[in-house]
Q: 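Got a structure here, written out as structure tokens. Questions coming.
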Amino acid sequence: MSKRKADDSHMPIGESISQAQTLLRERLCHQRLPTRPEGVASQHKHLLELLKRTAVHGESNSVLIVGPRGSGKTMLLRCVLAELLTEADVQKTLLQVHLNGLLQTDDRIALKEITRQLSLENVVGDKVFGSFAENLAFLLEALKKGDRSSSRPVLFILDEFDLFAHHKNQTLLYNLLDVSQSAQTPVAVVGLTCRLDVLELLEKRVKSRFSHRQIHLLSSLTFSQYLQVVRAQLQLPDATFPDSKFCHDWNASVKALCEDKSVEEVLQRQFNSTKDFRSLHRLLMVSLCRVSASNPTIKPADLVDASRLFSADSKTNILHGLSILELCLIIAMKHLNDIYDREPFNLQMVYNEFKKFLQRKSHSMYNFDQPVVMKAFEHLQQLEVIRPVDVAATRAQREYQLVRLMLDHTQIMEALQKYPQCPTDIKQWADSAFA
Amino acid sequence: MAACLQHTGYDQERLLHVSDKLPCRVFQAGTLLSLMGEPSQYSYPSIFLYGHRSTGKSHVVSTLLQELELPHATVSCVECVSAGLMFERVLLALFGPDTTSLLPRSPSLSDFVRIYRQQCPQSPANQTRFIVIEKAELLRDMDANLLPVLLRLQELIEDNVTVILLSEIVWDQFRPNTGCFEPLLLHFPDYSKGDLQQILSQDIHPSYSAELYSAFINILLGVFYSVCRDLRELRHLAALNFSKFCEPLKEGKVKESDTHKLWRNIEPHLKKAMQTVYLREVSSVQWEELQMEEKESGAMKGLSAHAHVELPYYSKFLLIAAYLASYNPARTDRRFFLKHHGKIRKTNFLKKHEKTSNHLLGPKPFPLDRLLAIFYSVVDSRVAPTASIFSQISSLVTLQLLTQLGHDDQLDAPKYKCAVALDFIRAISRTVNFDIVKYLYDFL
Amino acid sequence: MVRYCTRNRIRRIYKWGHAPISYDRKLKTNEYNSLHISLEDLPRTTVITPGQYILIEGVDDDNPYVAKVMKLFESDKQKKALVQWFVRVCEVPPNKMKLLGRDPHPQEVFYYEGRTCDDEIDVESILSTVQVKYISPEALFPEGDQKEVLYVKLSWNTKAFSVVKPELMETIAAPSLAAPSLASPPRHSIPALPPSPPCSPPVMATPRARAPSRRALPTPDPTVMNRAIAVGGGSRRTMSTGKMMASEAESMHSASKLSASKGLSAKRRSSITRTPGVCKKLELSSPGKSAMDGDDMLCQLLDKELDEEVLLVQRSATSLTRLASQPFGFTPIRKAQRSSSSWDSVNLKPAMVNLKRFSLEMDSPPSSTQHDSAKLTEASSRELCGVTSLEEEVFDIGLPLTPKRRQATPRRNCATRGQKVATPSNRAEKMTKEPSLGVLAEAENEDSPMVPAAPTPRSSRRKSAKLVSSRIRKQLNLLNDQRDLYSDGDDEEEFLPSKKDLQSSSSEEEEGRLDSDEEIFGKKSKWGAAGSRTPRSAQKDRSSARTPRKTPVRKAMPTTPRTPRHATPSIPSRSLPARQPGSVLEEARARLHVSSVPESLPCREQEFQDIYNFVEGKVMDGTGGCMYISGVPGTGKTATVHEVIRSLQQASDTDDIPSFNFIEINGMKMTDPHQAYVQILQKLTGQKATADHAAALLEKRFSNPGPKKESTVLLVDELDLLWTRKQNVMYNLFDWPTRRHGRLVVLTIANTMDLPERIMINRVASRLGLTRMSFQPYSFKQLQQIIMSRLNKVKAFEEDALQLVSRKVAALSGDARRCLDICRRATEICEHSASNPSAPGLVGMSHVMQALDEMFSSAYITAIRCASIQEQLFLRAVLAEFRRLGLEEATFQQVLVQHQALCRVEGLQPVSVSEGLAVCQRLGACRLLLLEPSRLGILQRVRLNVSQDDVLYALKAD
């Protein structure tokens with residue numbers, strides 16, 4: 001029905017849909033910042049105050065933002081910065097240095113990057129001159145020169161903070177935190193990490209220099225709030241969106257969607273498994289992609305399919321593609337696991353088990369000689385369905401190399417259910433629990 | 001399969017062209033396309049495609065990207081011995097040759113990201129850029145930070161870029177220990193039998209009818225499908241064996257219609273193929289030669305590698321002794337090798353309740369003197385324990401028919417294992433007409 | 001290494017030019033007037049004669065020490081020379097370098113007036129001659145890049161720069177102009193012969209040499225000027241020589257005194273300040289310029305007659321003191337005690353007594369000693385070319401005794417007049433007696449304004465040059481702006497010694513003025529130059545420019561040549577200054593910030609005293625030593641040491657203890673232990689070098705008896721970071737202090753008490769020695785006291801709140817930083833929670849409590865509570881599986897079974913393996929669980945990173 005409505009709108013349906021897609025995609029890919037992150041008002045305030053004091057009063061600070069993956073640490077920081085930079089004088093004074101533990105993998109690189117971003121005088125173009133030692137001395141000298149009132153405050157943002165703690169001697173951290181604790185250039189050191197035990201990574205002299213401020217982002221949303229968020233994520237802005245009619249329809253359909261029973265239980269399941277927004281975005285993204293001129297709204301079915309896509313067990317998917325021989329081998333392994341409870345086994349045993357099965361009752365399968373089985377076996381190993389116990393042991397013959405099965409019984413059974421035209425006797429064999 | 005792609009972002013006939021380039025994969029292509037969205041739109045930062053070998057993962061992706069002329073870089077991890085190489089290829093593909101010169105000698109991730117950032121404003125940024133990484137499972141063995149960075153590259157570079165990872169391994173076994181940005185998982189299912197039939201039937205031999213060929217494919221699949229579903233492998237086998245299949249037709253013995261005869265002709269041949277060329281025990285060239293000469297002399301000699309290994313006389317006995325030593329329990333030696341051992345009751349000698357035979361568990365290590373003892377008892381003529389014997393042992397070790405355990409430093413009592421299979425040792429003992437099975441505990 | 005052939009390259013042969021010209025029995029010293037240095041297998045020989053400038057081998061091959069030979073003699077078979085030192089730019093400690101206020105010229109040297117180095121050197125250490133030119137302070141350095149020529153502008157007395165008196169330099173300049181490196185005795189004896197003021201070629205030469213600079217001065221008629229200068233110069237010479245000798249003696253004396261306790265020196269000072277007369281004489285004997293300033297001041301203050309008198313007095317006194325000082329001047333150290341004591345006597349008695357004693361000596365039949373002394377004086381006066389005409393007479397007439405007494409008499413009564421400020425009556429008589437002095441006197445007051453005028457800043461001079469008016473007026477406004485200049489000058493020069501008596505204070509003012517001038521000077525030049533280079537950077541590329549190719553400096557740092565030369569490390573300064581704290585809480589917060597340095601460190605008095613005594617003792621008797629300071633972080637180790645150093649430096653500024661230089665390195669602030677050498681060297685001399693080169697230089701510096709030595713205090717923070725496998729860095733750091741000439745005091749700081757035992761091998765540990773000190777963690781009382789002292793009087797906290805904080809922290813770590821941070825956080829919380837932000841009120845218990853558990857409570861429990869249902873279930877499953885197995889570890893597969901069971905119990909749809917893994921690895925990512933690498937799939941083992949009880953507690957709660 002909403003399709004028909006869309007048809008007699010002034011803008012061509014494809015046009016407005018691609019508009020909507022563009023907007024929502026940016027939102028779901030974390031390109032567009034929300035005006036205010038939800039549910040973290042206090043943390044937001046704390047951080048804002050902190051940074052403002054550095055920017056305005058030139059007071060040095062250090063703080064850690066801790067929260068699980070996808071809980072919106074970076075988002076929070078970016079929101080705060082955006083708000084902070086609205087003030088003109090702050091924008092003029094504040095210097096920013098963005099580091100990421102994933103990129104700046106040691107202090108040498110990190111120092112060069114800092115120097116570059118501060119564009120100190122030993123930088124020409126984007127080349128930083130001087131050896132590691134010189135760079136360090138230079139930077140420290142520079143920071144020492146400054147003082148609270150006169151020199152511009154510097155904001156150091158260390159993403160993946162825990163990785164910096166693994167640098168040699170934690171030199172960088174020590175020096176940054178030391179500056180933040182001494183009367184030099186005012187700095188604010190902001191670390192982002194998902195590790196709750198990050199402080200235990202710090203050497204004690206480094207730890208002592210860190211003002212133990214931690215901002216925890218641990219969302220305690222209820223499901224109803226969660227639903228609200230979902231809706232907010234999908235809504236189109238009435239004011240700015242060009243085609244008001246389409247926008248209205250869309251929002252209406254979103255509302256309808258969120259009230260739908262199946263959708264609700266899909267979301268409930270998602271909420272149960274994890275609360276973070278990233279995975280939610282992933283879910284919505286997939287269902288959003290289904291939207292096209294032919295079906296101009298997100299249908300409950302899309303969402304359900306999407307969630308099925310994610311809840312599906314990937315190993316089972318892989319098993320689905322195995323040849324019948326490989327499947328038989330896996331079943332044999334399952335039995336071996338049952339017999340010698342999860343002791344490692346080798347090809348000979350598996351083959352033996354398989355042959356027993358063939359002798360006992362098989363009308364669909366005929367025997368394969370060992371090299372063929374061996375090849376199938378190696379394919380399984382390549383797929384990391386089985387794993388050699390000690391990878392180093394290459395001297396032993398391959399057929400006697402001990403391996404373990406990396407599948408759970410539930411996976412095998414599920415795979416058997418799905419397996420296309422699976423012979424019944426094999427199914428029986430799999431089910432049979434003799435030892 | 002609704003056999004055509006459609007997306008508002010791209011013009012229709014091009015999509016049609018793409019879709020008939022992708023038989024049996026239109027659905028996956030469609031999903032992928034919808035995820036990509038229109039060129040200007042943001043796409044999800046990282047997409048993880050997993051599925052079996054030769055299920056058309058990279059084929060689909062590359063066809064889409066090439067046909068729709070989207071800016072992309074395709075890198076295979078097998079080719080990248082170092083991360084630096086990968087960066088270089090990516091920059092080269094996205095921004096042209098001059099940018100690679102900007103990279104320092106051994107570029108770090110930070111260098112890569114920096115240079116990428118410098119470059120992306122210059123070239124048109126309104127299109128999504130794609131970085132396709134094949135054999136992504138190898139990323140796990142490279143720099144630990146590489147995978148997490150690639151997954152959240154869009155955020156780090158602040159550019160509309162999407163990383164597509166292709167792998168056979170499931171995502172669960174990728175996750176770094178401190179977590180990372182979770183990519184969008186997409187599974188490429190294997191081709192069903194029908195699909196395989198359809199695809200294989202496409203490359204028909206010009207001089208024969210399509211029906212014949214598909215019949216041949218049908219037979220081929222009937223033999224191999226239960227063992228292997230790898231499209232490439234099957235295609236290879238088909239190519240190799242089609243000529244053989246057509247022989248009777250060429251000779252005019254049978255007509256195309258009567259498939260039964262053809263089947264009877266080709267079937268044993270295919271079985272043989274499975275034991276040999278499928279296992280790569282003979283190369284495809286050898287295989288074709290074999291097919292030729294087979295016409296003259298029907299008898300086909302043993303193809304398997306272990307049939308023809310030439311060893312000195314005593315070495316053969318040494319190997320036999322080693323085999324016996326490593327597959328028989330030491331306590332049974334008296335019974336086997338002493339002329340008149342005392343009274344041993346069969347019952348407590350054959351303890352059958354020990355379930356798994358040694359041929360399941362594999363060879364056991366044994367000391368040198370046990371080897372020699374068995375050797376002297378099995379070899380009929382008297383041999384002096386000369387240096388030559390020991391040198392032969394060591395040469396067996398170098399041939400990897402024996403493996404020496406522990407380190408080489410323990411000269412006093414080295415331990416060995418026999419590293420040959422049963423039928424190999426059988427072949428050996430046959431040459432010195434020694435019936436080994438009589439002496440094997442497992443076969444009593 | 002290219003330009004100066006060091007002795008390890010080429011052997012030199014040193015022999016005296018002639019038979020000894022005099023012999024001192026008492027001191028057993030032969031004196032010579034020329035020294036021939038010949039390189040073996042090279043024909044040409046270099047002749048060193050007194051009054052010539054020489055290069056003396058020092059720690060640094062690239063720029064050896066510069067000095068001027070005063071005297072050549074041989075005492076017990078050792079060829080010695082008496083020298084007047086000059087300081088190169090690189091020898092002045094960089095931190096003092098900023099006093100110069102401008103970039104030093106690469107070839108600039110400073111006339112050294114410090115007392116800390118003996119000026120008796122071994123001839124063997126002479127490298128070659130060098131040419132030194134005097135340039136008046138306001139003149140620019142000549143452009144000509146002749147490397148051999150060094151330039152003198154200022155003098156350096158280890159505390160401040162001051163204008164070197166031109167005539168000092170003239171006396172010096174004369175021979176150096178006349179004597180090339182190849183000199184023959186007759187030729188060089190000409191400058192040695194003291195010429196009469198009006199007609200001496202060097203003196204006539206000098207004004208010409210200084211003509212451009214003098215031109216700048218507002219003097220309409222050059223003839224008067226020249227005469228004035230000539231005579232004035234001539235007259236000055238007499239004094240300066242006197243002062244020079246005196247300074248020698250003085251330095252000897254101080255050297256001997258160094259070992260004595262402060263008390264003694266204090267007594268001496270008090271005795272100095274007793275009577276003005278004594279003061280005069282004393283400061284005459286103390287290094288030169290103050291005397292000059294002294295009578296400059298007098299010239300300005302008293303009217304002419306008076307100042308003539310005084311001048312006379314001083315002049316006479318000068319010559320006398322010189323004569324008196326002569327014999328002692330050369331006594332070797334072992335006689336120092338005696339000489340110094342008798343010298344004291346000379347000091348403390350007023351001039352007349354002094355004279356009497358002297359004349360008595362002269363009267364008595366010429367005992368060898370007197371004869372010698374006379375000889376000595378004669379000789380010295382010969383090779384020091386500044387001599388009064390009277391003495392010339394003496395020398396012309398062979399017999400020393402009578403004329404001495406004769407002209408001693410007028411001196412005496414002048415002196416007496418000098419003491420009780422003289423009456424105009426005797427002026428005529430004196431005039432008649434010595435016309436030259438009369439002339440001299442008026443010359444004196446002619447150029448008296450000019451000497452101070454010389455260093456006045458360009459601005460004032462240009463201004464004064466513009467307006468054409470009478471001389472007096474000029475003098476007047478010159479005087480004026482000198483006044484106000486030095487008034488603002490000396491309040492910013494806190495490093496100047498503060499003596500009470502007139503001369504020195506005046507001298508201080510003088511100095512103050514000079515320095516302030518320099519300041520302005522420097523500033524101006526800074527503003528002038530676009531890329532203003534700090535002395536350090538200038539220093540750096542200077543040295544790099546001077547280092548020849550083969551030195552490793554270049555090789556090891558290939559990038560340095562490419563580094564932009566003008567790179568100064570600096571953070572751009574903000575447009576509008578930071579806002580000052582407004583409210584009480586903000587005020588409190590600012591005070592509570594760790595960075596805000598308190599006036600004094602409470603609760604560390606004992607440690608302070610110990611460290612102080614240790615360092616002071618070592619510095620006093622110029623020895624070396626190590627001290628090891630340990631303590632957990634945040635117990636004020638580094639702060640205390642800095643405090644000690646600060647007060648020590650104040651002490652050294654007021655001459656309580658000899659001046660020393662302080663260097664600090666931090667193990668954490670270097671990339672590699674061996675960088676320690678580089679940093680030490682750089683902070684010591686400002687040179688840049690690679691690690692091993694620096695090590696070599698330092699080794700040389702600390703091991704061999706370099707003539708100039710201030711003792712060095714080295715603070716090594718985070719010592720444990722300097723550990724290397726061979727521990728050679730630590731070894732050197734602790735070994736240098738043990739060297740005889742090291743004069744190095746090393747204070748080391750680390751966290752662990754038993755560091756030496758744990759990581760040091762024996763030879764290192766034994767060198768570190770047993771002087772240890774450990775800082776205990778603060779008790780809660782101390783913490784409280786610290787906070788109070790920081791807050792002083794700012795009422796922001798409730799009593800019990802403070803107590804709570806300090807008790808809590810003391811219980812946990814005793815880390816002062818923690819304590820302060822918590823208080824700061826508490827103030828913030830108070831601010832936020834306040835009902836009306838304008839008047840938040842005091843920080844109370846509740847706020848502190850909140851701050852405390854923000855900082856100390858672990859987030860695990862909250863994390864678990866906030867986790868999603870599946871995650872919580874998984875944790876339950878882990879617990880259940882652990883209980884089943886009775887182990888602390890299980891594979892994921894086992895846990896998964898439990899998990900799915902739990903799901904069924906909870907009525908949820910059981911998770912697939914992938915989902916289960918995802919959940920598990922999310923928990924692993926935030927370290928609630930410890931996991932094996934994920935490629936093990938379901939086989940990976942799972943452990944808890946939290947105690948089971950915590951998990952149970954957290955899960956029970958909801």
Side-chain angles (χ1 to χ4, degrees), chain A residues 49 56-60 66 68-69 89 92-93 120-122 124 129-133 136 138 140-143 145-146 148-152 154 169 171 174-175 181-183 185 194-197 204-205 208 211-213 216 218-220 269 272-275 311 313-315 404 406 408 411, chain C residues 557 559 562-564 566-579 581 590 593-597 633-634 668-672 675 718 721 751 815 817-818 821 825 828 855 859-860 862-863 866 868-870 893 896 908-909 912-915 919 922 925-928 937-939 945:
Chain A
E49 291 295 325
V56 177
H57 295 278
E59 169 185 334
S60 294
V66 186
R69 296 263 167 204
D89 58 342
K92 280 207 297 296
T93 48
L120 295 180
E121 290 188 26
N122 56 351
V124 173
F129 290 113
S131 65
F132 183 23
L136 179 61
F138 197 86
L140 291 181
E141 188 59 31
L143 290 171
K145 282 253 185 60
R148 185 181 145 279
S149 56
S150 74
S151 57
R152 295 176 66 174
V154 187
N169 294 341
T171 310
Y174 177 92
N175 286 312
Q181 294 256 327
S182 55
T185 308
C194 66
R195 289 185 61 164
L196 297 168
D197 63 345
K204 60 183 190 301
R205 56 184 146 219
S208 159
S211 78
H212 282 41
R213 295 163 182 273
H216 291 288
L218 300 166
S219 75
S220 54
R269 182 180 168 80
N272 286 347
S273 81
T274 169
K275 290 177 177 178
S311 61
D313 180 44
S314 45
K315 270 278 170 64
R404 287 180 191 279
M406 296 174 75
D408 193 42
Q411 288 171 305
Chain C
M557 292 181 285
T559 53
R562 282 159 52 228
T563 36
H566 306 308
T568 54
S570 65
I571 299 291
S573 59
R574 59 195 293 165
S575 52
L576 68 166
R579 207 175 297 159
H593 198 286
V594 183
S595 67
S596 68
V597 187
M668 278 300 251
K669 296 188 176 177
M670 56 189 67
T671 57
D672 147 54
Q675 287 295 322
E718 311 292 358
L721 265 293
N751 287 337
D815 184 337
R817 294 197 186 101
R818 249 337 39 68
D821 285 330
R825 178 59 187 146
E828 290 167 19
M855 292 204 171
Y860 288 115
T862 25
C866 295
S868 72
I869 293 175
Q870 292 293 356
Q893 200 171 5
L896 184 70
L908 298 168
Q909 181 183 359
S912 71
V913 178
S914 299
E915 286 174 305
V919 167
R922 264 202 302 279
C926 57
R927 285 298 185 278
L928 282 167
I938 63 170
L939 298 178
N945 196 24

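Quick caveat: nothing in here was measured; it's all calculated off a predicted structure. Letters A, B, ... are given to chains in the order of the sequence lines, protein chains preceding strands, and every chain is numbered from 1.
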Q: Is A/L120 close to chain C through its backbone or its side chain, or both, or neither, when contacts mean heavy atoms under 4.5 Å?
A: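 The side chain, not the backbone.
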Q: Under a 4.5 Å heavy-atom cut-off, does chain C meet the side chain of A/S60, its backbone, both or neither?
A: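 Both parts, backbone and side chain.
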Q: Specify the closest pair of heavy atoms between A/Y174 and C/K669, including all atoms of both residues, with the distance to one decimal.
A: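 Taking every non-hydrogen atom into account, CE2-CE, 4.4 Å.
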Q: Just give me the residue among A/G146, A/G58, A/S182, A/S220 that pairs up with chain C most often, heavy atom to heavy atom, under 4.5 Å.
A: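 Heavy-atom pair counts peak at A/S182.
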Q: Top residue by heavy-atom pair count (under 4.5 Å) with chain A, among C/C866, C/S912, C/G937?
A: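 Most heavy-atom pairs under 4.5 Å with chain A: C/C866.
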Q: Specify which of A/L136, A/V154, A/L143 makes the most heavy-atom pairs with chain C at under 4.5 Å.
A: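 Result: the option with the highest number of such pairs is A/L136.
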Q: Any heavy-atom pair between the side chains of C/V913 and A/K315 that's under 4.5 Å?
A: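 Side chain of A/K315 against side chain of C/V913, heavy atoms only: no contact under 4.5 Å found.
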Q: Report which part of A/H57 has an atom under 4.5 Å of a heavy atom belonging to chain C: side chain, backbone, both, or neither.
A: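 Contact with chain C involves both backbone and side-chain atoms of A/H57.
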Q: If I measure from the heavy atoms of chain C, does A/N175 come under 4.5 Å with its side chain, its backbone, both, or neither?
A: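 Contact with chain C involves the side chain of A/N175 alone.
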Q: Need one label for C/M668: side chain, backbone, both or neither, based on atoms under 4.5 Å from any heavy atom in chain A.
A: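 The answer is both parts of C/M668.
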Q: Determine the minimum heavy-atom distance between A/M406 and C/I938, stating which atoms define it.
A: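 Smallest heavy-atom distance, with atoms named: C-CD1, 3.6 Å.
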Q: Is there a side-chain contact between C/Q893 and C/L939 (heavy atoms, below 4.5 Å)?
A: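 Yes. Closest side-chain heavy atoms under 4.5 Å.
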Q: Which one, C/R818, C/M855, C/E828, leads in non-hydrogen pairs under 4.5 Å with chain A?
A: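 Ranked by heavy-atom pairs under 4.5 Å with chain A, first place is C/R818.
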Q: Is any side-chain heavy atom of A/L196 closer than 4.5 Å to a side-chain heavy atom of A/P68?
A: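 SC-SC contact between A/L196 and A/P68 ruled out.
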Q: Hey, which of C/L928, C/L896, C/T671, C/I869 has the most heavy atom pairs under 4.5 Å with chain A?
A: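 The option with the most such pairs is C/T671.
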Q: With chain A as the partner, which of C/A590, C/A863, C/S596 has the greatest number of non-hydrogen pairs under 4.5 Å?
A: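 Looking at each option in turn, the highest pair count goes to C/A863.
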Q: Which atoms form the tightest heavy-atom contact between C/L721 and A/R205, and what is the distance?
A: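 Smallest heavy-atom distance, with atoms named: CD2-NH2, 2.8 Å.
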Q: Quick one: what part of A/R269 sits under 4.5 Å from any heavy atom of chain C, side chain, backbone, both or neither?
A: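 For A/R269, the side chain is the part near chain C, not the backbone.
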Q: If we define contacts as heavy-atom pairs under 4.5 Å, which of C/N945, C/N751, C/V919 has the most with chain A?
A: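 Looking at each option in turn, the highest pair count goes to C/N751.
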Q: Measure C/D672 against the heavy atoms of chain A and call it side chain, backbone, both or neither at under 4.5 Å.
A: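 No part of it gets close to chain A.
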Q: Using non-hydrogen atoms and a 4.5 Å limit, figure out which bit of A/K92 sits close to chain C: side chain, backbone, both or neither.
A: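 Just its side chain gets close to chain C.
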Q: So for A/Q181, is it side chain, backbone, both, or neither that comes closer than 4.5 Å to the heavy atoms of chain C?
A: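 Both backbone and side chain.
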Q: Please check: side-chain N/O of C/S914 versus main-chain N/O of A/S314, any donor-acceptor pairing under 3.5 Å?
A: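 Side chain of C/S914 to backbone of A/S314, a donor-acceptor pair under 3.5 Å: yes, one is there.
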Q: Tell me, for C/Q909 versus chain A, whether the close heavy atoms (under 4.5 Å) come from the side chain, the backbone, both or neither.
A: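 Both parts, heavy atoms under 4.5 Å.
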Q: Can you see which heavy atom on A/S273 is nearest to which on C/S868, and at what distance?
A: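 Scanning both residues completely, I find the closest heavy atoms to be O-OG, 2.7 Å.
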Q: May I ask you to name which of A/H216, A/R69, A/K204 has the most heavy-atom pairs under 4.5 Å with chain C?
A: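 Ranked by contacts with chain C, first place is A/K204.
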Q: Answer with side chain, backbone, both or neither: which region of C/R825 has an atom nearer than 4.5 Å to a non-hydrogen atom of chain A?
A: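 Both backbone and side chain.
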Q: Select, from A/Q411, A/E49, A/R213, the one with the greatest count of heavy-atom pairs under 4.5 Å involving chain C.
A: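 Most heavy-atom pairs within the cutoff with chain C belong to A/R213.
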Q: Give the intermediate values and the outcome of side-chain hydrogen bond (donor to acceptor under 3.5 Å, both in side chains) for residues C/S573 and A/S150.
A: CA-CA 6 Å; C/S573 59; A/S150 74; over 6 Å; no
Q: Within the 4.5 Å heavy-atom criterion, are C/H593 and A/R148 side-chain neighbours or not?
A: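 SC-SC contact between C/H593 and A/R148 ruled out.
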Q: Nearest heavy-atom pair of A/T185 and A/S151: which atoms, and what distance?
A: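 Taking every non-hydrogen atom into account, CG2-OG, 3.7 Å.
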Q: Measuring only between side-chain heavy atoms, which start at C-beta, is A/S311 closer than 4.5 Å to C/E915?
A: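 Contact flag for A/S311/C/E915 side chains = yes.
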